[in-house]
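Structure first, then comments.
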Amino acid sequence: MAFSIWVSPKPSFLQNPNPLFPQISRQTRHSQSSRTQSIQCGLRELRERIDSIKSTQKITEAMKLVAVARVRRAQDAVINGRPFSETLVEVLYDINGQLQGEDIDIPLTNVRAVKRVAIVVISSDRGLCGGFNNALTKKAQTRIGELKKLGLEVVLISVGKKGNSYFMRRPEIKVDRLMEGGTFPTAKEAQVIADDVFSLFVSEEVDKVELVYTKFVSLVKSEPVIQTLLPLSPRGEVVDVNGNCVDAIGDEMFRLTSKEGKLALERGSVKKKERKEMSPLMEFEQDPVQILDAMMPLYLNSQILRALQESAASELAARMNAMSNATDNADELKKTLSRSYNRARQAKITGELLEIVAGAEALRESE
């Protein structure tokens with residue numbers, strides 16, 4: 001016995017109306033239900049569909065819990081690594097400012113006419129994280145188009161399997177190197193990228209190096225940014241392509257905590273310490289060239305490691321939100337199908353009872 005019910009042609013927990021924030025609103029659900037199609041489905045098919053959604057819900061719930069466990073560690077790495085990175089930049093530029101009057105050649109601060117730009121794009125190795133990779137690759141593609149309109153050549157260094165597969169399908173973009181990232185970035189991984197970038201810039205194969213990565217703002221917000229890596233900014237700040245500071249000061253911060261056996265969020269913010277200017281009477285015991293030669297690679301490594309950590313934390317936060325929404329949507333779809341299943345079963349039982357009653361009445365009248 002078959003019954004006609006209204007179901008979606010594609011499970012709603014796999015649909016993603018907003019790539020950055022996959023939360024589905026009531027209005028969106030109504031608009032999706034208006035596009036559903038009617039199919040003939042029996043009780044067995046309904047039971048199989050419900051069991052399938054239950055299995056999918058278990059998977060998404062498990063992936064959510066794994067992302068929650070990992071994002072705590074990733075967030076701590078980002079928050080704890082920012083003071084060192086920012087202080088290193090400040091000290092480096094203070095020393096550089098003290099030595100402006102001396103005849104010292106510092107390769108990483110040489111500003112020359114830009115003819116060729118290297119872009120380092122940091123994506124993820126895995127999917128199922130909402131629109132994380134789509135927003136990043138779109139940002140990188142837009143920047144590449146802007147540079148080409150200015151008549152500049154672009155060389156790409158891609159980090160992450162998703163970014164690698166995206167740019168490999170586009171032969172018009174020259175890719176210098178493809179790398180794979182990790183779940184938790186290390187200084188060793190950052191050093192490999194830093195060595196490649198350093199050799200490209202010092203050999204004058206490129207005149208500028210930019211980083212494109214996803215900046216971690218909070219567990220519920222992240223945004224792709226473009227940061228100028230080389231040559232070093234004369235203001236002692238981490239800046240974007242327009243010279244605007246992109247330091248994470250003032251970012252809103254959410255920490256995961258456990259209250260009454262349930263996950264909860266605590267809101268906070270990143271506070272900036274007052275910067276102390278270096279005394280102009282400071283004397284260097286070592287040769288300033290040796291000091292800068294030791295600090296420049298450390299600066300390059302720290303900035304790339306920071307970008308890798310920010311990207312990893314943003315990816316895990318995006319996956320946590322995506323799997324949370326997928327779990328909620330699977331639960332709603334399961335309730336809808338269970339309601340349809342109960343109605344169909346009740347209609348079947350009612351029909352059988354009516355047949356029995358009709359048969360009994362027919363026997364009574366025949367007697």
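The figures that follow rest on heavy atoms only: side chains count, while hydrogens, waters and symmetry mates do not. Along the sequence shown, the residues carry numbers beginning at 1. The structure displayed is predicted, hence computed values, not measured ones.
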Exercise. Checking Arg73 against Phe184: charged group under 6.0 Å from the ring centre and within 45 degrees of the axis?
Worked result: yes
For this session: Inspect the contact between Lys149 and Glu146 and indicate whether a charged nitrogen and a carboxylate oxygen are less than 4.0 angstrom apart.
Result: no
Exercise. Rounded to the nearest 0.5 Å, what separation is found between the OG1 atom of Thr350 and the CZ atom of Arg345?
Worked result: 11.0 Å
Problem set entry | By side chain to side chain contact (heavy atoms under 4.5 Å, CB included) - contacts of Glu61 (at least two apart) | Lys64, Leu65, Thr327
Problem set entry | Lys NZ or Arg CZ of Arg169 over Phe167 ring: under 6.0 Å, within 45° | no
Exercise. What are the two closest non-hydrogen atoms of Arg49 and Leu337, and how far apart are they?
Worked result: CG-CD1, 3.2 Å
Problem set entry | Distance-only polar pair, side chains of Gln227 and Tyr213, donor-acceptor under 3.5 Å | yes
Exercise. In chain order, what residues pass the side chain to side chain contact (heavy atoms under 4.5 Å, CB included) check against Val202, with sequence neighbours excluded?
Worked result: Pro107, Leu108, Phe198
Show the atom names and distances, to 0.1 Å, of all donor-acceptor pairs under 3.5 Å that link a side chain in residues 155-162 to residues at least two apart or in another chain.
unit_1: Ser158; atom_1: OG; unit_2: Asn164; atom_2: N; d: 3.3
unit_1: Ser158; atom_1: OG; unit_2: Asn164; atom_2: OD1; d: 2.6

Seminar exercise, completed: Note: Thr60 and Ala326 closest approach over all heavy atoms is CG2-CB, 4.0 Å
For this session: Scan side-chain atoms only and decide if Asp195 and Gln191 contain a donor-acceptor pair under the 3.5 Å cut-off.
Result: yes
Exercise. Any side-chain heavy atom of Leu211 sitting closer than 4.5 Å to one from Ile122?
Worked result: yes
Exercise. Step by step, would you call Arg143 with Glu210 a salt bridge (Lys or Arg N to Asp or Glu O under 4.0 Å)?
Worked result: CA-CA 10 Å; Arg143 180 57 182 166; Glu210 296 179 354; 2.8 Å; yes
